[in-house]
Amino acid sequence: MIEDPKKFLDGFKDAAARFASADKATLKAFTGLNENALQPGALDRKTKTLMCLAIGIAHGSEYCVAARAAQAVEAGATRQELLETAAVGLLMGGSLSFGPILTVIMDTVEALFPA
C-alpha cells in the first residue's frame with residue numbers, strides 16, 4: 001500500500017525516467033497516447049482526468065489513484081471534485097474496490113489538500 005502519495009509520485013517520476021533510458025520508444029508511445037486522450041475536446045482535460053481517476057479507483061489501482069488525483073489537481077480539480085469522483089469510482093468498483101482503495105483515496109486527497 002502507498003504510505004505517502006507525494007513520495008510515491010516522486011518515485012514514479014524517477015522510475016519513468018529510468019525506464020525511458022531503457023526503452024524510450026515505449027515510454028514515448030504511452031505518454032503520447034495519454035496526452036492525446038486527455039486533449040480538450042467535447043470534454044476538458046480536468047473532466048477526462050477525473051474519469052481516469054474514477055476508473056483507477058474502480059480497478060483498485062493505488063498507482064492510478066495517486067497519479068491521476070495529482071494530475072486532476074494540476075488541471076484545476078478541487079478537493080470536493082476528487083471526493084465526488086471517488087464516490088463514482090467506488091460505486092462502479094463495488095466492494096472489491098472499496099476496501100482496498102479507500103485508504104489510498106483519502107490519504108491522497110489529504111496530501112493534495114492538507115487541512
Problem set entry | Joint cluster assignment, L90 & V88, ILVMFWY side-chain distance < 4.5 Å | no

Exercise. If Ile, Leu, Val, Met, Phe, Trp and Tyr residues are connected whenever their side-chain heavy atoms lie under 4.5 Å apart, and connections chain through other members, are F12 and F19 in the same group?
Worked result: no

For this session: Would you sort out whether D107 and D4 count as a side-chain contact (heavy atoms from CB on, under 4.5 Å), showing the intermediate values?
Result: CA-CA 8 Å; D107 288 350; D4 180 345; over 6 Å; no

Exercise. Any side-chain heavy-atom pair from T108 and F8 closer than 4.5 angstrom?
Worked result: no

For this session: Treating Ile, Leu, Val, Met, Phe, Trp and Tyr as nodes and any side-chain heavy-atom pair under 4.5 angstrom as an edge, say whether F30 and Y63 lie in one connected cluster.
Result: no

Problem set entry | Residue pair L50 / A77: nearest heavy atoms and the distance that separates them | CD2-CB, 4.2 Å

Exercise. Between R18 and D14, is the closest basic N to carboxylate O distance under 4.0 Å?
Worked result: yes

Exercise. Any idea which heavy atoms bring L53 and C64 closest together, and the distance?
Worked result: CD1-O, 4.5 Å

Seminar exercise, completed: On a heavy-atom basis, the closest approach of S97 and A58 is CB-O, 3.7 Å

Exercise. Among E81, Q71, M51, E74, whose side chain to side chain contact (heavy atoms under 4.5 Å, CB included) with K46 holds?
Worked result: E81

For this session: Report yes or no: do M92 and F98 belong to one cluster of Ile/Leu/Val/Met/Phe/Trp/Tyr joined by side chain heavy-atom distances under 4.5 Å?
Result: no

Exercise. Is any side-chain heavy atom of C52 closer than 4.5 Å to a side-chain heavy atom of L38?
Worked result: yes

Problem set entry | Interatomic spacing from NE2 in H59 to CD1 in I57 - rounded to 0.5 Å | 11.5 Å

Exercise. If every non-hydrogen atom of L82 is compared with every non-hydrogen atom of A72, which pair is closest and at what distance?
Worked result: CD2-CB, 4.0 Å

For this session: Work out which heavy atom in A70 is nearest to a heavy atom in L9; give both atom names and the distance.
Result: CB-CD1, 3.5 Å

Exercise. Is a side-chain donor or acceptor of K48 paired with a backbone partner of P40 at a separation under 3.5 angstrom?
Worked result: no

Exercise. Do L91 and L83 share a hydrophobic cluster (ILVMFWY, side-chain heavy atoms under 4.5 Å, transitive)?
Worked result: no

